[in-house]
Structures are given as structure tokens and as C-alpha cells.
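Letters A, B, ... mirror the listed sequences (proteins, then strands); counts begin at 1. Side-chain atoms are counted along with the backbone in the values below, which use heavy atoms only and exclude waters and symmetry mates.
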Number of protein chains: 2
Amino acid sequence: MIDKLISHINGICLLTGDEIEIVKELVREKKVPRKQFVHRAGEVAQYSAFVLEGCLRSYIVDQNGLEHVLQFAPENWWISDMYSFVKQKPSDLNIDALLDSNVLILSRDCQLRIFDRIPKLERYFRILTENALASSNHRTLDYLSLPAKVRYQKFCDLYPTLINTLPQKQIASYIGITPEFLSKLRSERS
Amino acid sequence: MIDKLISHINGICLLTGDEIEIVKELVREKKVPRKQFVHRAGEVAQYSAFVLEGCLRSYIVDQNGLEHVLQFAPENWWISDMYSFVKQKPSDLNIDALLDSNVLILSRDCQLRIFDRIPKLERYFRILTENALASSNHRTLDYLSLPAKVRYQKFCDLYPTLINTLPQKQIASYIGITPEFLSKLRSERS
DNA sequence: CCTATTTCTTAAGCTATATTAAGAAATAAG
DNA sequence: CTTATTTCTTAATATAGCTTAAGAAATAGG
């Protein structure tokens with residue numbers, strides 16, 4: 001299973017056999033049943049998680065008790081509370097499993113230590129973070145410039161797998177509308 | 001002037017005298033008068049820019065001809081079309097100057113070469129990108145969960161300098177509302 | 001200084017999306 | 001299987017924020 005992570009890293013920068021062994025020692029495999037938390041609002045994020053199977057999400061709960069999804073992490077995605085993980089301060093993100101999942105966890109300590117031992121991995125994470133920022137920028141601009149229907153269509157194009165595995169409620173939350181309104185959009189033809 | 005960049009880098013990871021010289025050779029100073037473009041939609045982003053004086057912004061123009069601001073970059077901020085800069089593909093962001101400005105520009109080629117020569121700088125940019133992603137996540141969640149008035153108040157708290165130097169129009173665009181509606185919000189008391 | 005341009009304000013009417021509610025359908029969990 | 005829980009749908013009503021328009025104020029640039 002851990003080979004999924006190795007393949008992912010190798011897709012960005014090739015590791016030697018020794019380096020692969022080091023990586024394998026740094027991460028820990030963990031089962032996360034549906035609805036179980038990987039990180040709770042108010043706590044300092046200890047880990048970043050790489051999803052081997054299943055799907056996690058990060059989200060906040062607002063003053064009215066409504067949830068707002070920041071990120072979905074299906075197979076082969078990393079997920080963390082970036083702010084809390086990097087600054088080692090509490091923030092208000094929650095991370096939990098939407099499906100029974102299996103993940104690898106990496107602590108910030110380990111990550112920082114590994115950056116000194118294997119600069120190639122600092123590069124790997126730099127590139128992942130650059131890509132994540134580019135995607136996030138794209139999402140921000142979509143939110144600023146497009147009506148809900150178009151944002152939904154783009155979501156379907158971008159994440160066709162998620163459309164079939166996740167409740168519509170979660171997708172509505174991600175694109176920033178109520179589930180009732182998404183239901184209405186979907187019932188319109190074209 | 002270029003020392004502003006050196007100080008900024010030193011605030012994150014200390015450079016040796018030699019390294020400082022190398023950095024100085026890689027960037028180029030450039031004046032950017034108000035309204036002049038640093039990057040145009042449809043082109044491949046050659047440069048990332050570090051603002052020494054003035055203020056730049058990145059934005060898109062939507063189908064209706066309306067502008068939507070992704071980022072402001074006052075003094076000591078980096079700005080680029082991250083997607084285009086990283087992938088070396090065209091995208092639809094524009095970057096121009098809101099005030100007469102003075103910037104340092106760094107090409108992607110130079111940046112990648114410098115990462116191999118001075119790993120410390122790969123670290124510097126990794127950290128900047130992590131912080132930018134954390135901020136972007138925050139903005140996304142604010143947009144999903146807060147009404148315009150609160151988003152405006154948070155903007156005022158976060159960027160007090162910009163409130164006084166930039167046209168309200170630009171700020172309205174950043175927080176995702178029309179200038180007319182921002183004007184209305186501002187006229188309400190409390 | 002003077003003029004052109006850009007920005008800001010106000011207000012009336014409009015629309016995309018939210019809220020509430022309640023039943024139907026699907027799914028989870030004993 | 002059966003029941004409880006969660007999710008989805010529909011529809012009526014409400015509202016935050018948009019559009020349009022037009023004048024006032026501020027600013028840029030000759």
C-alpha cells in the first residue's frame with residue numbers, strides 16, 4: 001500500500017532505493033473509518049495525510065452550525081490543515097473521512113527533518129504546494145466570476161469520480177451553495 | 001533597493017555573502033508605471049515579481065468585461081500568475097500596476113536553476129508558497145461562510161494600508177462584490 | 001491651474017440564491 | 001430484513017447583493 005506514495009513521489013522526482021527506505025520509515029499507515037476525525041478544529045495539526053483508499057475532506061463549521069468544505073482528498077491526494085500544520089497553531093478546520101479510508105500520516109517534525117536529509121523531498125512538497133496554490137487561485141476566481149450552475153458544471157468536469165461517490169450535499173458545500181439549490185440546478189435541463 | 005529582497009529572504013533563511021551576490025545577479029530591477037502590464041492574459045508568464053515600491057495586482061476579465069482581483073502586491077510581496085509561471089502555459093490572469101511601481105523580476109528558468117545551486121532558496125520559496133496557500137484557504141472559507149460586510153471588515157483588519165491607498169473599486173472586486181454595494185455597506189453605521 | 005477621466009454615492013427595481021418545511025428516496029446499522 | 005438516519009427533491013417565501021442610471025467628488029495628467 002505504501003508503494004502508492006512512492007509512485008506518487010516518483011512521478012515528480014525519482015527516489016533512490018535508500019531514499020525510498022527512509023520515506024517508508026517516516027510515514028505511518030492508519031485506518032480511518034467513515035466519520036472519524038483526522039484533525040479537529042481548535043487543535044494543532046500534527047499530521048498531513050496521504051490517502052491510500054477512501055476519501056477525506058477538510059471543512060469548517062460556521063456560526064450557524066453550517067459546514068463549508070475546503071477540500072476533498074480522494075486516493076493519491078494529500079490533505080492537511082495547511083495553516084495549522086505549518087505554523088503549529090490551532091485553527092478552525094476539521095478533517096474527517098467521508099468514506100472508510102486508509103491513509104499514511106506524516107508529522108510536521110518528520111517532514112522538516114526529511115527536508116534536510118533528502119532535499120528532493122523538499123522539492124516534491126514545493127511542487128505539490130505550488131500546484132495546490134494554482135488550483136486554489138482558480139477556484140477563487142471561479143467563485144468571483146461564475147454563477148453557481150457553471151461552477152457545478154466545472155466541478156463535474158474536474159472531479160468526475162467524486163460526483164458519483166460523494167453525497168450531493170458535500171458537493172454543494174464545496175461549490176458554495178445550499179443542497180436545495182443544487183438539487184434545483186440539477187433538475188433544470190441542459 | 002535590491003536589499004529589500006535580501007532582507008526579506010534573510011527573514012526566512014539566512015544567506016551567506018556569496019549567496020547574496022548570486023541572488024543579486026539573478027533578478028533585474030524594473031520600473032512599472034501605473035496601469036502598465038507585467039503580464040497579460042493569453043501569454044506564458046515569464047516572470048515572478050517582487051515589489052520594491054508601489055503596488056501591483058493580478059486579475060481576470062470575465063465574459064461580461066468585469067474585472068475580478070485575485071491578489072494585491074504592495075511592497076515586499078511577490079506576485080505572479082502561479083499557474084502559468086509553474087506550468088509555462090498561457091492562462092487568463094493579467095498583472096498590472098495600480099500605482100507607479102518598482103519591482104524585481106525573476107524568470108522561472110533562473111528560479112529553477114537557483115534551486116539547484118542554493119537549496120536554501122528552494123526552502124524560501126517553499127515556505128512562501130505554503131503561507132500563500134494557507135492564506136488562500138482562509139479566503140476561500142471566508143467567501144463560503146461570511147456575508148460581504150464581514151468580509152470587508154476582515155479585509156480592513158488584514159490590510160489596513162491598502163484601504164487608504166487603493167480605490168474602493170479594487171477592494172470591492174477583491175472581496176467579491178460590486179463597488180455600489182460596497183459603497184452601501186460603508187454608509188451603514190457600526 | 002484646467003479639463004478629462006475615474007471613482008464614489010444614492011436609489012429604485014431586479015435576480016440569483018437562501019430559508020423553511022415537509023415528504024420521498026436512499027442508505028446505514030442493528 | 002427492519003428501522004433509524006441521512007440525503008434528496010419540490011415549492012413557497014424571503015433576502016443579499018446586482019443592475020442601471022445619473023449626479024457629485026476626487027484625481028490624473030497635460
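- Scanning both residues, A/I177 and A/A148, for their nearest heavy atoms gives CG2-CB, 3.5 Å.
- Boundaries of the chain B contact region on DNA chain C are C/dT6 to C/dT10, first to last in 5' to 3' order (nucleotide atom under 4.0 Å from a heavy atom).
- Under the side-chain contact (heavy atoms from CB on, under 4.5 Å) rule, B/C110 has a single partner from B/I105, B/L26, B/V23, which is B/L26.
- The number of heavy-atom neighbours closer than 6.0 Å to NE2 of A/H8, taken from other residues, nucleotides and ligands shown, is above 12.
- In this structure, B/K154 and B/L146 approach most closely via the heavy-atom pair CD-CD1, 3.7 Å.
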Provide a list of protein-nucleic acid N or O atom pairs under 3.5 angstrom, restricted to nucleotides 14-21 of chain D.
{"from": "D/dG17", "atom 1": "OP1", "to": "B/A148", "atom 2": "N", "distance (Å)": "3.1"}
{"from": "D/dC18", "atom 1": "OP2", "to": "B/T178", "atom 2": "N", "distance (Å)": "3.2"}
{"from": "D/dC18", "atom 1": "OP2", "to": "B/T178", "atom 2": "OG1", "distance (Å)": "3.3"}

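- For the pair B/T129 (side chain) and B/F125 (backbone), a donor-acceptor distance under 3.5 Å is present.
- Taking the six-membered ring where the residue is Trp, A/Y159 and A/Y174 present perpendicular rings, their angle passing 60° and hence far from 30°.
- Nucleotides of DNA chain D nearest to A/K35 and B/D100 differ in position, and the one nearer the 5' end is that of A/K35.
- Panel note: side chain B/K120, backbone B/L14; a donor-acceptor pair is recorded below 3.5 Å.
- Paired with B/D96 under the rule salt bridge (charged side-chain N to carboxylate O under 4.0 Å, His left out), one option of B/R40, B/R57, B/R34 passes, and it is B/R57.
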